[in-house]
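Here's the structure, in structure tokens; my notes come after.
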Amino acid sequence: QVQLVESGGGLVQPGGSLRLSCAASGFTLDTSAIGWFRQAPGKAREGISCITSSGDTWYYVDSVKGRFTISKDNAKKMVYLQMNSLKSEDTAVYYCATGPYYCTDYESHYVYWGQGTQVTVSS
């Protein structure tokens, strides 16, 4: 069965870095896109980045461009989100998801979701 498990969240000071990981099982990364979403307190969940089966990358939120980098290791079935220069507004629960073979920031297009990992940026 398809399963996604996020890890790597935590408490970090502004300006710090974190690398989130998404471990995939039950499917192969060379046939599916993986999206990263986040949900801040009191806000709707938003798509922030996606990587296609062929490795093309997309970033949907202007504020993360140049600071976040999505990557994957097909052999390890892992997808990563490297987050640098973190800001308080990056505080959220971060989710990885899969379903479509294409990238999109529409969460309704994604079928399978991880449980989320909390990222808190605070001094």
Worksheet item: Does the separation of the ring centres of Phe37 and Trp113 fall below 6.0 angstrom?
Response: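 Ring centroids of Phe37 and Trp113 are less than 6.0 Å from each other.
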
Fill in: Ion pair Asp90/Lys87, N-O distance below 4.0 Å
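Salt bridge: no.
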
Please tell me whether [X] and [Y] are part of a single hydrophobic cluster in this structure, the criterion being side-chain heavy atoms less than 4.5 Å apart.
X: Val93; Y: Tyr60; answer: no
X: Val12; Y: Met83; answer: yes
X: Tyr94; Y: Tyr110; answer: no
X: Leu18; Y: Val5; answer: no
X: Tyr95; Y: Val61; answer: no

Is there a donor-acceptor pair under 3.5 Å between the side chain of [X] and the backbone N or O of [Y]?
X: Lys77; Y: Ala23; value: no
X: Gln1; Y: Gly26; value: no
X: Lys43; Y: Ala92; value: no

Minimum heavy-atom separation for [X] to [Y], with atom names?
X: Ser123; Y: Pro14; result: N-CD, 3.7 Å
X: Pro100; Y: His109; result: CD-O, 3.2 Å
X: Met78; Y: Ser21; result: CE-CB, 3.5 Å
X: Gln82; Y: Ser17; result: NE2-CB, 3.9 Å

Could you check whether any side-chain heavy atom of [X] comes within less than 4.5 Å of a side-chain heavy atom of [Y], counting everything from C-beta outward?
X: Leu4; Y: Thr98; result: yes
X: Trp58; Y: Ile51; result: no
X: Gln39; Y: Glu46; result: no
X: Leu20; Y: Thr117; result: yes
X: Thr91; Y: Gln118; result: yes
X: Arg38; Y: Val64; result: yes
X: Val79; Y: Trp36; result: yes

Enter the distance from [X]:[atom1] to [Y]:[atom2] here, rounded to the nearest 0.5 Å.
X: Gln3; Y: Cys22; atom1: CD; atom2: SG; value: 10.5 Å
X: Arg67; Y: Ser85; atom1: CZ; atom2: OG; value: 6.5 Å
X: Asn84; Y: Thr69; atom1: CG; atom2: OG1; value: 6.5 Å
X: Ile48; Y: Lys65; atom1: CD1; atom2: NZ; value: 12.5 Å

In terms of heavy-atom contacts, does [atom1] of [X] have more than 12 from other residues, nucleotides or ligands at under 6.0 Å?
X: Lys76; atom1: NZ; value: no
X: Tyr112; atom1: OH; value: no
X: Tyr101; atom1: OH; value: no

Worksheet item: What do the steps show when you test Phe68 against Leu81 for side chain to side chain contact (heavy atoms under 4.5 Å, CB included), and what is the final call?
Response: CA-CA 7 Å; Phe68 290 11; Leu81 187 67; 4.2 Å; yes

If we count only N and O atoms by modelled type, under 3.5 Å, do the side chains of [X] and [Y] hold a donor and an acceptor together?
X: Ser122; Y: Thr120; value: no
X: Arg19; Y: Tyr80; value: no
X: Ser53; Y: Asp30; value: no

